[in-house]
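Some notes on the structure that comes next.
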Amino acid sequence: MDKISVLDKTFVPFIGHDELMGCIDSVAERINKDFEGATDVPIVLCILNGAIMFTGELMQRLNFPCQLVSTKMTSYVGTSTTGEVQQTMPLTASVKGRRVIIAEDIIDTGLTIRAMKKILEDEGATEVRVCTMLFKPEAYRTGEHIDYVGKEIANRFIIGFGLDYNELGRNLRDIYVLEDSTFR
Ligand code: 5GP
């Protein structure tokens, strides 16, 4: 993998596609174990846009009946969080009386997950579990419990495999990190 340029920034290779697939295998295995024999059709909630690739890969590995629901949450502009989370597209189906597994691409400050959990509880979900492909422990500040983590990474800005820089880079198969980023 080589360096790439996206708009005004240079990104270098960080996590290859095969390693990502391994992380998703391991997360799926843990979820399958916890939901073995489920008869209630749990919901897998994809937080658009970033988690679209991860959710697609995860769903293919889940071996119990589950329903895909989506919503859109927005907090990032450019390479950093605004600190304000907004639900910019409502849930595509009701979660009332249902168990929900949130599928997130990356957890950074934790503000998105905290806001998402509150919405799901207000909408009557009976249980909410949090699953994320990537997690930045150094940036985490809300302390919400995270049930399933694919991989922990340093507090740097990344793109690829669903993650964007000003809407570009989501289609990359691998993950890239901003070159020389000290990030915030
Ligand atoms: P949090 O609310 O936990 O601070 O941030 C969660 C959201 O911020 C993620 O779903 C993702 O959209 C965005 N985000 C956090 N870190 C990064 C990053 O390194 N790169 C990109 N492209 N988005 C990020």
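Both counts, for ligands and for their atoms, begin at 1 and track the order of listing.
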Contacting atoms of ligand 1, where contact means under 4.0 angstrom from a heavy atom of E104: 10 (O)

Ligand-side contact atoms (ligand 1) for residue partner D164, heavy atom cut-off under 4.0 Å: 21 (C), 22 (N)

Distance (rounded to the nearest 0.5 Å) between L48 CG and T55 OG1: 7.5 Å

Nearest heavy-atom neighbours spanning A154 and E138: CA-OE2, 4.2 Å

Atoms in ligand 1 flagged as close to K136, the criterion being non-hydrogen separation under 4.0 Å: 16 (N), 17 (C), 18 (C), 19 (O)

Interatomic distance, L120 atom CG to L45 atom CG [nearest 0.5 angstrom]: 6.0 Å

F157, any N or O under 3.5 Å of ligand 1 N or O: no

Side-chain donor/acceptor of T10 to backbone N/O of S5, under 3.5 Å: no

G50 touching ligand 1 at heavy-atom level, < 4.0 angstrom: no

Proximity flag R114 to ligand 1, non-hydrogen atoms under 4.0 Å: no

Aromatic plane relationship, Y140 with F135 - under 30° parallel, 30 to 60° tilted, over 60° perpendicular: perpendicular

I175 side, atom CD1; I106 side, atom CD1 - distance, nearest 0.5 Å: 7.0 Å

Per-atom contacts, ligand 1 versus L111 - under 4.0 Å to a heavy atom: 2 (O), 3 (O)

E29 CD to N63 CG distance, which is reported to the nearest 0.5 Å: 10.0 Å

Residue-ligand contact D105/ligand 1, heavy atom below 4.0 Å: yes

Parallel, tilted or perpendicular: rings of F161 and H17 (30°, 60°): perpendicular

Any N/O pair Y165/ligand 1 closer than 3.5 Å: no

Proximal ligand 1 atoms for R156, defined as those under 4.0 Å from one of its heavy atoms: 19 (O)

Polar atom proximity, I107 to ligand 1 (N or O, under 3.5 Å): no

Check: G143 main-chain N/O paired with R114 side-chain donor or acceptor under 3.5 Å: no

Heavy atom of M73, distance to ligand 1 below 4.0 Å: no

Best match, L168, I106, L134: closest heavy atom to atom 11 (C) of ligand 1: I106

